[in-house]
Amino acid sequence: MGLFTQLVTLPLAPVRGVVWVSERVLEAAEEQYYDPAPIHRALAGLEQQLLSGEIDEETFDRREDELLDRLDEIKAYRADGRT
C-alpha cells in the first residue's frame, strides 16, 4: 500500500483489526472442531464402557455410529483441503 492509501484508509484500521481477530478466532474454532483426536478418545472410552458393562450393546452401537459419522465429516472436511 502506498502512503496515500494508508492515510485515506486509516479510519478503517480498527475495523480491519476486528476482522483479522475474527478470522483468527474462526480458524482456531475450526481447527478444534475438526480435530479427530477427541473422537478417537471417545471411541476408546466407549469401548471401555462396553467392556466394563456400563453400557449395553445397543447403546454402544448407537454412540459408535454417531462418532464414526463425525469422523467421516472430519475426513471430508480435510479432503476438501481446508486444513
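In this text, all values refer to a predicted model and were calculated from it rather than measured experimentally.
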*Taking atom NE2 of His40 and atom CD1 of Ile74, what is their separation to the nearest 0.5 Å?*
7.5 Å
*Single hit among Leu67, Leu51, Thr59 for side chain to side chain contact (heavy atoms under 4.5 Å, CB included) with Leu46*: Leu67
_Could you measure the distance from the CD1 atom of Ile39 to the CG atom of Leu68? Nearest 0.5 Å is fine._
9.5 Å
*Kindly compute the distance separating CD (Gln48) from CD (Glu54), expressed to the nearest 0.5 Å.*
9.0 Å
*salt bridge (Lys or Arg N to Asp or Glu O under 4.0 Å) against Glu73, all qualifying residues, sequence neighbours excluded*: Arg70
*asked:* Using a 4.5 Å cut-off between side-chain heavy atoms of Ile, Leu, Val, Met, Phe, Trp and Tyr, which other residues end up in the same hydrophobic cluster as Trp20?
replied: Val21, Val25
*Test item: Leu50 and Asp56 side chains (from C-beta on) under 4.5 Å apart, heavy atoms*: no
*asked:* Can you tell me how far apart CD (Glu57) and CD (Glu64) are? Round to the nearest 0.5 Å.
replied: 8.5 Å
*More than 12 non-hydrogen atoms from neighbouring residues, nucleotides or ligands closer than 6.0 Å to CD on Glu23, yes or no?*
yes
*Over all heavy atoms of both residues, which pair between Asp35 and Pro38 is shortest? Give the atoms and the distance, please.*
O-CD, 3.1 Å
*What is the distance from atom CZ of Phe60 to atom CD of Glu47, rounded to the nearest 0.5 Å?*
6.0 Å
*For Tyr34 and Arg78, work out which heavy atoms get closest and say how close.*
O-NH2, 3.2 Å
*asked:* Using every non-hydrogen atom in the two residues, find where Pro36 and Leu71 come nearest and quote the distance to one decimal.
replied: CB-CD2, 3.9 Å
